Participant: 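The structure that follows is given in the form of structure tokens.
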Amino acid sequence: ELNVPGDYDTIQEALNDAENLLVLNPGNTYSILVEPSSAHYTVPTGGLVLKSSISVRGRETARTIINGGGGTYAITATGVTGVSIKNFTIVNASNGILVTGNSAVAIENNVFVGMTNTAVTIQSSTASSVTNNTFYQNGAGVSRDTDSGAAITNNIFYNSANTAQIVQNGIPAETTI
């Protein structure tokens, strides 16, 4: 398990190194543990980019904070598999997480606060899941397209413009959460 800030200064550095380790050791999986910090982990321009077969988790949800730096997305996952992102508080971005063209991304036990648009956007990702997260004061909690059968279970939606609402293709969907 790779550790931030113990082994690496940034989460992206740890992700990039883990991806290089996967090339040297095919078939392995790697995980990154991010320790709580009084300074938020600010993502690079363009957002934190997740990599296949590398899970990222915070030690403590309330004190392990990913700061989107005011950017479009705090985290992106494009064309990756075998990934989870869990135990973080995600703040200060237009959108929290973008999952697109992925077969398996698990978003678990996170808190999304103050996304001006959408906290989680899922596009063409049938095996992705959004489980046990809290969405507070966001434009929308979760947006998914109709090609995405992503499981959305056991989440809390509170005080958002589209509270407890899933948006499909830009239109609020009839669903139970």
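In this text the structure is predicted, and so the values were computed from the model without any measurement.
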Participant: Just by distance, with hydrogens left out, do Y30 and N25 show a side-chain donor and acceptor under 3.5 Å apart?
Facilitator: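 Side chains of Y30 and N25: pair found under 3.5 Å.
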Participant: Do V111 and V91 sit in the same hydrophobic cluster, where Ile, Leu, Val, Met, Phe, Trp and Tyr count as joined when their side-chain heavy atoms come under 4.5 Å apart?
Facilitator: yes
Participant: To the closest 0.5 Å, what do you measure between CD (Q137) and CE (M115)?
Facilitator: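 With rounding to 0.5 Å, CD (Q137) is 11.0 Å from CE (M115).
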Participant: Identify the heavy atoms of I66 and I75 that sit nearest to each other, and give their distance.
Facilitator: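 Of all heavy-atom pairs spanning I66 and I75, the closest is CD1-CD1, 4.0 Å.
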Participant: So do L15 and V56 actually touch side chain to side chain, heavy atoms under 4.5 Å?
Facilitator: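 Side-chain contact under 4.5 Å: yes.
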Participant: List the atom of S128, the atom of I122, and the distance in Å for their closest heavy-atom pair.
Facilitator: CB-CG2, 4.5 Å
Participant: Got Q123 and L98 here, is their nearest side-chain heavy-atom distance under 4.5 Å?
Facilitator: yes
Participant: Any sub-3.5 Å donor-acceptor pair from E108's side-chain atoms to N132's backbone N or O?
Facilitator: no
Participant: Give the cluster check for I156 versus I85: same hydrophobic cluster or not, with ILVMFWY residues linked at side-chain heavy-atom distances below 4.5 Å.
Facilitator: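 The answer is no; the residues belong to distinct hydrophobic clusters.
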Participant: Nearest 0.5 Å please: distance from the CZ atom of F88 over to the NE2 atom of H40.
Facilitator: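 NE2 of H40 is found 13.0 Å from CZ of F88.
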Participant: Any chance you could measure L48, atom CG, to T42, atom OG1, to the nearest 0.5 Å?
Facilitator: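 Here the rounded value is 11.5 Å.
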Participant: So if you build clusters from Ile, Leu, Val, Met, Phe, Trp, Tyr with side-chain heavy-atom gaps below 4.5 Å, do I65 and V113 land together?
Facilitator: yes
Participant: Provide the closest heavy-atom pair for E19 versus I54 in the form atom of the first, atom of the second, distance.
Facilitator: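 Here E19 and I54 meet closest at N-CD1, 3.5 Å.
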Participant: Do R59 and L33 have side chains that get closer than 4.5 Å, going by heavy atoms?
Facilitator: yes
Participant: State whether the side chain of N155 and the backbone N or O of F135 hold a donor-acceptor pair below 3.5 Å, judged by distance alone.
Facilitator: no
Participant: Kindly give the heavy-atom pair with the smallest separation between N16 and K51, and that separation in Å.
Facilitator: OD1-CE, 3.4 Å
Participant: Let me confirm one number: the CG-OH distance from N3 to Y8, rounded to the nearest 0.5 Å.
Facilitator: 10.0 Å
Participant: Under a single-linkage definition using a 4.5 Å side-chain heavy-atom cutoff for Ile, Leu, Val, Met, Phe, Trp and Tyr, are I90 and V83 assigned to the same hydrophobic cluster?
Facilitator: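 Both belong to a single hydrophobic cluster.
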Participant: Do you know which two heavy atoms are closest between S52 and G79, and how far apart they sit?
Facilitator: OG-O, 4.0 Å
Participant: When T64 is tested against each of N110, V34, N87, T89 for side-chain contact (heavy atoms from CB on, under 4.5 Å), which residue passes?
Facilitator: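 Output: one option passes, namely V34.
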Participant: So I32 and V4, side-chain contact (heavy atoms from CB on, under 4.5 Å) or not? Walk me through it.
Facilitator: CA-CA 7 Å; I32 297 167; V4 177; 4.0 Å; yes
Participant: Taking atom OG1 of T134 and atom CZ of F112, what is their separation to the nearest 0.5 Å?
Facilitator: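 Atom-to-atom, T134:OG1 and F112:CZ are 9.5 Å apart.
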Participant: Measuring only between side-chain heavy atoms, which start at C-beta, is T72 closer than 4.5 Å to N95?
Facilitator: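 A side-chain contact exists here, since the closest heavy-atom pair is under 4.5 Å.
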Participant: Measuring from atom CG of L2 to atom CG of D7, what distance do you get when rounded to the nearest 0.5 angstrom?
Facilitator: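 Going from CG on L2 over to CG on D7, the span is 6.5 Å.
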Participant: Are V130 and I97 packed together at the side-chain level, in the sense that at least one heavy-atom pair is separated by less than 4.5 angstrom?
Facilitator: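 No, every pair of side-chain atoms sits at 4.5 Å or beyond.
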Participant: Are the side chains of R57 and S84 in contact, using a 4.5 Å heavy-atom criterion?
Facilitator: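 S84 does not reach R57 side chain to side chain.
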Participant: Give a yes or no on whether the backbone of A150 and the side-chain of S125 come within a donor-acceptor separation of less than 3.5 Å.
Facilitator: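 Not a single qualifying donor-acceptor pair exists.
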Participant: For A77 and L50, which heavy atoms make the closest approach, and how far apart are they?
Facilitator: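 A77 and L50 have their closest heavy atoms at CB-CD1, 4.0 Å.
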Participant: Please evaluate residues E1 and S31 with respect to the criterion side-chain hydrogen bond (donor to acceptor under 3.5 Å, both in side chains), reporting the C-alpha separation (whole Å), side-chain torsions for both, the decisive distance (0.1 Å), and the verdict.
Facilitator: CA-CA 5 Å; E1 187 168 67; S31 62; 3.3 Å; yes
Participant: D17 side chain to E13 main-chain N or O, any donor-acceptor pair under 3.5 Å?
Facilitator: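 No.
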